[in-house]
S.K.: 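Got a structure for you, questions after.
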Amino acid sequence: MPRSKPLPAELDPSARQLVNDLRRLRDHSELTMRQLATKTGYSAKSWERYLGGASLPPREAVEALARITGTDPVPLLALREVAVETWGSRRARAGERREQAGVEQTGVEQAGVEQVGPTREERSAPEPRAAAARYPHLALTAGVAALAVALLSALLLVLRLDDDATPAVITAAPRSAATSPPPSYTCHITRIQGRWSAGINKGRNTEIGYGDSGADVAEAQCLLRRAGISPGGIDGMFGPLTLRAAKAFQQREGLTVDGMLGPHSWKALRG
């Protein structure tokens with residue numbers, strides 16, 4: 001597993017704690033970024049930003065990571081709620097510091113300009129009003145140039161303000177964004193014709209393994225739990241906890257310990 005990069009120094013403490021907790025969950029699950037994207041519905045690039053502290057993860061992404069790792073999402077969501085309040089203002093404060101630094105630098109440069117008396121050329125130059133009267137085209141050109149400079153400055157100011165405001169809009173993920181809820185499974189352990197069943201996959205013995213999902217996985221999770229080995233939650237996701245439980249069951253039953261639930265493993269699970 002590659003070593004995680006250091007988080008940005010200006011990251012808020014609550015956001016830093018949230019990212020560190022998410023990193024620990026991902027490291028414990030031993031999932032690659034591509035596997036994480038497949039199981040949560042968020043791209044690998046998005047998870048690189050979330051786990052690198054560059055972007056605040058949406059509520060649904062936090063819940064998805066907690067679900068596939070068998071973790072209670074409530075503490076993580078509480079940290080995220082606190083981080084949301086400070087995340088948008090962090091970029092704004094950084095922009096204010098840059099702007100203040102620019103103002104101070106300008107003041108230093110202006111203070112360094114030495115005030116000297118008029119030179120010989122300046123003393124011999126005609127008065128501005130007289131020069132404007134003699135050369136009206138020069139006055140017109142100067143006015144147009146001054147107007148162009150003022151318009152350009154106003155345009156640059158608008159673009160700068162818009163650029164400073166944009167990150168706050170992007171990083172504060174809308175809470176109204178909704179994703180389809182994961183399917184819900186309930187174990188109904190019964191004995192049918194001498195075989196154990198959880199009542200989820202209609203008695204199928206489909207071969208399944210790490211990375212699979214659906215009713216067959218949920219059925220196996222229920223039967224593993226009935227056998228006294230916890231696979232984590234009954235979520236239909238064949239993740240690290242389910243893999244660990246499957247291997248422990250195979251070892252206990254004297255089967256090949258490969259984590260794949262095939263005909264022999266299903267036969268042992270159903271008794």
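Because the structure is a prediction, the values reported are computed rather than measured.
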S.K.: As an exercise, state the distance from OG of Ser265 to CG of Asp258, rounded to the nearest 0.5 Å.
M.R.: 7.0 Å

S.K.: Atom CD of Glu219 and atom CZ of Arg270: how far apart are they, to the nearest 0.5 Å?
M.R.: 4.5 Å

S.K.: According to a 4.5 Å side-chain heavy-atom criterion applied to Ile, Leu, Val, Met, Phe, Trp and Tyr, with indirect links allowed, do Phe238 and Met260 form part of one hydrophobic cluster?
M.R.: no

S.K.: Same cluster or not: Leu241 versus Leu269, using hydrophobic residues (I, L, V, M, F, W, Y) connected whenever any side-chain heavy atoms lie under 4.5 Å apart?
M.R.: no

S.K.: Please evaluate residues Trp266 and Arg204 with respect to the criterion side-chain contact (heavy atoms from CB on, under 4.5 Å), reporting the C-alpha separation (whole Å), side-chain torsions for both, the decisive distance (0.1 Å), and the verdict.
M.R.: CA-CA 9 Å; Trp266 276 110; Arg204 293 191 302 270; over 6 Å; no

S.K.: With distance as the sole test, does Arg26 use its side chain to make a donor-acceptor pair with the main-chain N or O of Leu51 at under 3.5 Å?
M.R.: no

S.K.: Under 4.5 Å between any side-chain heavy atoms of Leu18 and Pro57, yes or no?
M.R.: yes

S.K.: Do Leu56 and Leu25 belong to the same hydrophobic cluster, where Ile, Leu, Val, Met, Phe, Trp and Tyr are linked whenever their side-chain heavy atoms lie under 4.5 Å apart, directly or via other members?
M.R.: yes

S.K.: Strictly by modelled atom types, are Thr40 and Trp47 linked by a side-chain donor-acceptor pair under 3.5 Å?
M.R.: yes

S.K.: Step by step, would you call Lys202 with Asp216 a side-chain contact (heavy atoms from CB on, under 4.5 Å)?
M.R.: CA-CA 9 Å; Lys202 300 180 180 180; Asp216 294 326; over 6 Å; no

S.K.: Where do Lys39 and Leu31 land on the side-chain contact (heavy atoms from CB on, under 4.5 Å) test, with the steps shown first?
M.R.: CA-CA 10 Å; Lys39 292 179 177 295; Leu31 293 173; 4.1 Å; yes

S.K.: What pairs meet the disulfide bond (SG atoms under 2.5 Å apart) rule with one or both residues in residues 195-225, with sequence neighbours excluded?
M.R.: Cys187-Cys222

S.K.: Filter on side chain to side chain donor-acceptor pair (under 3.5 Å), then keep only pairs touching residues 230-248, sequence neighbours left out; what's left?
M.R.: Gln221-Asp235, Gln221-Thr242

S.K.: Enumerate the residue pairs fulfilling disulfide bond (SG atoms under 2.5 Å apart) with a member in residues 227-256, sequence neighbours excluded, ordered by first and then second residue.
M.R.: none

S.K.: Please report the closest heavy-atom contact between Ser197 and Ile192, naming both atoms and the distance.
M.R.: CB-CD1, 4.2 Å

S.K.: Hey, quick one: are Leu77 and Val82 part of the same hydrophobic cluster, counting side-chain heavy atoms closer than 4.5 Å, chains of contacts allowed?
M.R.: no

S.K.: Between Arg225 (side chain only) and Gly232 (backbone N and O only), is there a donor and an acceptor less than 3.5 Å apart?
M.R.: yes

S.K.: What pairs with Ala268 under side-chain contact (heavy atoms from CB on, under 4.5 Å), at least two apart in sequence or on another chain?
M.R.: Phe249, Glu253, Leu255

S.K.: Which residues pass the side-chain contact (heavy atoms from CB on, under 4.5 Å) test with Gln17, sequence neighbours left out?
M.R.: Asp21, Arg24, Leu79

S.K.: Hydrophobic clusters join Ile, Leu, Val, Met, Phe, Trp and Tyr when side-chain heavy atoms are under 4.5 Å apart, directly or via other members; which others share one with Tyr185?
M.R.: Ile200, Ile234

S.K.: Is any side-chain heavy atom of Thr69 closer than 4.5 Å to a side-chain heavy atom of Ser29?
M.R.: yes

S.K.: Where is the tightest heavy-atom contact between Ile208 and Ala220, given as atom of each residue plus distance?
M.R.: CD1-CB, 4.0 Å

S.K.: Membership question, hydrophobic clusters at under 4.5 Å side-chain separation (ILVMFWY): are Ile189 and Ile229 in the same one?
M.R.: yes

S.K.: Less than 4.0 Å between a side-chain N and a carboxylate O, is that true for Glu63 and Arg67?
M.R.: no

S.K.: Has Arg226 got its NZ or CZ under 6.0 Å from the middle of the six-membered ring of Trp196, at an angle within 45 degrees of the ring axis?
M.R.: yes

S.K.: Kindly determine whether Tyr210 and Gln35 satisfy side-chain contact (heavy atoms from CB on, under 4.5 Å), including the steps that lead there.
M.R.: CA-CA 11 Å; Tyr210 186 78; Gln35 292 171 334; 4.0 Å; yes

S.K.: With the side chain counted from C-beta on, respond yes when Val217 and Met237 share a heavy-atom pair under 4.5 Å apart, and no when they do not.
M.R.: no

S.K.: What's the shortest heavy-atom distance between Pro8 and Gly53, and which atoms?
M.R.: CG-O, 4.1 Å

S.K.: Taking 4.0 angstrom as the limit, do Glu81 and Arg59 come out as a salt bridge?
M.R.: yes

S.K.: Nearest 0.5 Å please: distance from the CG atom of Leu7 over to the CG atom of Asn20.
M.R.: 5.5 Å

S.K.: Does any N or O in the side chain of Ser46 come within less than 3.5 Å of the main-chain N or O of Tyr42, such that one atom is a donor and the other an acceptor?
M.R.: no

S.K.: Within the supplied structure, the quantity of interest is the number of heavy atoms (other residues, nucleotides, ligands) at a distance under 6.0 Å from Arg252 CZ; does it exceed 12?
M.R.: yes

S.K.: Can you name the closest pair of heavy atoms from Arg23 and Gly52 and give their distance?
M.R.: NH2-CA, 4.0 Å

S.K.: Backbone N or O of Met33 within a donor-acceptor pair of the Glu48 side chain at under 3.5 Å?
M.R.: no

